[in-house]
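Residue numbers count from 1 along this sequence. As the structure is a prediction and not an experimental result, all values here were calculated from the model.
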Amino acid sequence: MDWLISLAKFLVNEVLSQPAYLIGIITAVGLIALRKTAGQIAGGAIKATLGLLLVSAGAGLVTASLDPLGTMIQGTTGAHGVIPTNEAIAGIAQEQFGARVAWLMIVGFLVSLLLARFTPLRYVFLTGHHMLFMATMLTIVMATAGQSALAVVLGGGVLLGILLVSMPAFAHPWTKKITGNDSVAIGHFGTAGYIASGATGQLVGRIGKPSRSTEDMRLPEGLRFLRDSMVATALSMVIIYLVMSVLFLAKAGRDTAFAAFAGSGAAATGLGDYLMQSLMQGLQFGIAVAVILFGVRTILGELVPAFQGIAKRVVPGAKPALDAPILFPYAQNAVLIGFIFSFLGGLAGLAVLIWVLNPAFGLALVLPGLVPHFFTGGAAGVYGNATGGRRGAMAGSFLNGLLITFLPALLLKVLGTFGEANTTFGDADFGWFGALLGNIAKLDGAAGLIGMLALGAVVLGAAWFLQVRVVDTGWSPGPATAPAGSATSTTDGTGDTDGTAATRTYPKIAPPAGAPTPPPPPQQRERIK
């Protein structure tokens, strides 16, 4: 029997506890369930395994590129500063919690399927990378609070499953306002910002003269390059690095400033070398995030189809909840306006942190990054435009920028040692849910776990109530504020459900690479049949 015990120990310690192998095995199981060929199963499992190894490699690059920046921010402001990047913090956490994250993600997806099957919340969350990020955040918060590995996987899995079906429901009245139909939902953990933007748009749309749609505006083509996430990430970090390096040099002096790069390479030898090393570190961060993104996409390219196939069998007829860029084609100008005003909101929030909240409460300084502000700000702009036209897009996305500045600062308080990692989760739902969960988790042992599950039950109950009493009854957030004859609809034929703005169409833009595309409208589906 010794050999059997040795085999069991080998499988547990050397295979199932290794995140890369675990992801490969899970992918293989999903592909087997879909009755794929042996070659497809082997290829999918190997690609998923390599994808997680890429994530780990990118995490090392992220840490190395952020260390000098953390020194500069600390030396300049006297406060801890972070760049919210979901991919970066998730990659860093893989080394310590990778296996628990993988198991939690699987349990959470299965719980979400059961909830979608047996409750009115019939949404299947298919934005795999956000599923992974939320699983990582839940693992960090619960493990930091001292919960056992089993409690993290099972309790965190229940919480993840609840969020996967609840968040699409909360946003669905506004999502239907944008798409004009009930065929697709939003599956992205920036939901709090989108709801806030839609509600703000409705409020400002009723004040003063009606505001026309953003699609009546002409925006410069030169801003379109910011839609490339690699370019946006690298550009934002280069700007931040150069600004902070100059401020650090002015405050700390040449000797101290030039030594900032000694830990990640060699100390700068002169002013020109110092500035060029700052520029290079910003570019290195862009490369690191690109490596992590490629790894995540490699994993999900194999894992999500397996999940989707299983979901179709378990929950037939459920609405797919897809990534934020699913909404970008509905209002192309609103995306760019949303990005700009969300970034401005991030700058305003940073000023409040520097002068008020950091001195008073010790909150970290959250520096605005182009990527979270583009994706969540762009989507917030679309939501704000749907209810309040261009003024709604501006005000709503500005509020989103404030949320994704203040909420990550609160979240850092409950991430334990990961709160010192110079990066954190960037989107609104990670912030509000993680901060609440982390403070409840401070209760000892079973009381903390029960409290966290009670929070999940409250979220589920609220979503259930809203689905039955609001979504299923057909409530709309209100008529578009654009005058009759204009529309927030697109050339796909969808328009406002109240029929007041369906006579004019606007050209679409293609979503970013890898983003899902909206389903065809009912008329087109009939033609396809």
Side-chain angles (χ1 to χ4, degrees), residues 19 80 82 84 86 88-112 115 130-167 170 189-192 357 361-364 366 403-404 406-463:
H80 180 216
V82 299
N86 296 330
I89 186 67
I92 292 171
Q94 287 301 313
E95 182 177 355
Q96 185 174 351
F97 296 127
R100 270 177 276 186
V101 169
W103 282 116
L104 192 156
M105 180 177 172
I106 299 306
V107 172
F109 183 72
L110 295 177
V111 169
S112 74
L115 291 173
H130 263 238
M131 203 185 306
L132 174 64
F133 299 154
M134 184 58 78
T136 304
M137 192 274 288
L138 292 172
T139 300
I140 293 174
V141 170
M142 296 180 72
T144 298
Q147 295 292 328
S148 68
L150 184 62
V152 169
V153 170
L154 297 182
V158 170
L159 292 173
L160 177 61
I162 288 171
L163 291 174
L164 294 181
V165 297
S166 297
M167 302 317 295
F170 286 130
F189 287 124
T191 308
L357 298 181
F361 303 103
L363 294 184
V366 177
L403 287 176
I404 63 173
F406 296 142
L407 290 176
L410 295 174
L411 176 63
L412 283 167
K413 291 286 190 178
V414 299
L415 293 184
T417 57
F418 286 90
E420 303 297 323
N422 296 324
T423 187
T424 187
F425 297 94
D427 301 337
D429 296 339
F430 297 106
W432 73 263
F433 190 77
L436 289 176
L437 193 74
N439 283 287
I440 293 172
K442 292 178 181 178
L443 299 172
D444 291 335
L449 181 60
I450 292 171
M452 288 185 282
L453 292 175
L455 174 63
V458 170
V459 173
L460 179 64

* Asked: CZ/Phe430 to CD1/Ile89 distance, rounded to the nearest 0.5 angstrom?
  -> 11.5 Å
* Check whether any side-chain N or O of Asn86 sits under 3.5 Å from a backbone N or O of Gly426 as a donor-acceptor pair, and report yes or no. => yes
* To do: For side chain to side chain contact (heavy atoms under 4.5 Å, CB included), just list the numbers for Ile140 and Gln96, CA-CA rounded to whole Å, side-chain angles, deciding distance to a tenth of an Å, and then say yes or no.
  => CA-CA 9 Å; Ile140 293 174; Gln96 185 174 351; over 6 Å; no
* To do: Measure from the side-chain N and O atoms of Ser166 to the backbone N and O of Leu163, and report whether any donor-acceptor pair falls under 3.5 Å.
  => no
* If you look at every heavy atom in Leu104 and Val152, which pair is closest and at what distance? -> CD1-O, 3.2 Å
* CD/Gln94 to OG1/Thr136 distance, rounded to the nearest 0.5 angstrom? -> 5.5 Å
* Structure fact -> Scanning both residues in full, the closest heavy-atom pair of Leu415 with Val141 reads CD2-CG2, 3.9 Å
* Looking at CG of Leu164 and CE of Met131, how far apart are the two atoms once the value is rounded to the nearest 0.5 Å? -> 5.5 Å
* Side chains of Val111 and Leu160: does their closest heavy-atom pair fall under 4.5 Å? -> no
* May I ask you to test the Val459-Phe170 pair for a side-chain heavy-atom distance under 4.5 Å? => yes
* About how many Å separate CG of Leu159 and CG of Leu154, when rounded to the nearest 0.5 Å? -> 11.0 Å
* Mark yes or no for whether Asp427, through its side chain, and Phe189, through its backbone, hold a donor-acceptor pair below 3.5 Å. => no
* Which value, rounded to the nearest 0.5 Å, describes the distance between Leu110 atom CG and Leu115 atom CG? -> 11.0 Å
* Show your working on side chain to side chain contact (heavy atoms under 4.5 Å, CB included) between Asn439 and Lys413 and close with a plain yes or no. => CA-CA 9 Å; Asn439 283 287; Lys413 291 286 190 178; over 6 Å; no
* Verdict with supporting geometry, Arg100 and Met142, side chain to side chain contact (heavy atoms under 4.5 Å, CB included) -> CA-CA 11 Å; Arg100 270 177 276 186; Met142 296 180 72; over 6 Å; no
* Asked: Do the non-hydrogen side-chain atoms of Leu455 and Leu437 ever get within less than 4.5 Å of each other?
  -> yes
* Asked: Can you check ring pair (Phe, Tyr, Trp, His ring centres under 6.0 Å) on Phe425 and His130, steps first, answer last?
  -> CA-CA 11 Å; Phe425 297 94; His130 263 238; 9.8 Å; no
* Steps toward side chain to side chain contact (heavy atoms under 4.5 Å, CB included) verdict (Val414, Leu411) -> CA-CA 6 Å; Val414 299; Leu411 176 63; 3.9 Å; yes
* Side chains of Leu363 and Leu410: closer than 4.5 Å at any heavy-atom pair? -> yes
* To do: Could you check if a side-chain atom of Asp429 sits within less than 4.5 angstrom of a side-chain atom of Phe433, using non-hydrogen atoms only?
  => no
* Distance, nearest 0.5 Å, that separates OG1 of Thr139 from CE of Met134 -> 11.5 Å
* To do: For residues Thr424 and Phe418, determine if any side-chain heavy atom of one lies less than 4.5 Å from a side-chain heavy atom of the other.
  => no
* To do: Please report the shortest heavy-atom distance between Pro84 and Val82, naming the atom on each side.
  => CD-O, 3.8 Å
* To do: Please report the shortest heavy-atom distance between Val165 and Ser112, naming the atom on each side.
  => CG1-O, 3.5 Å
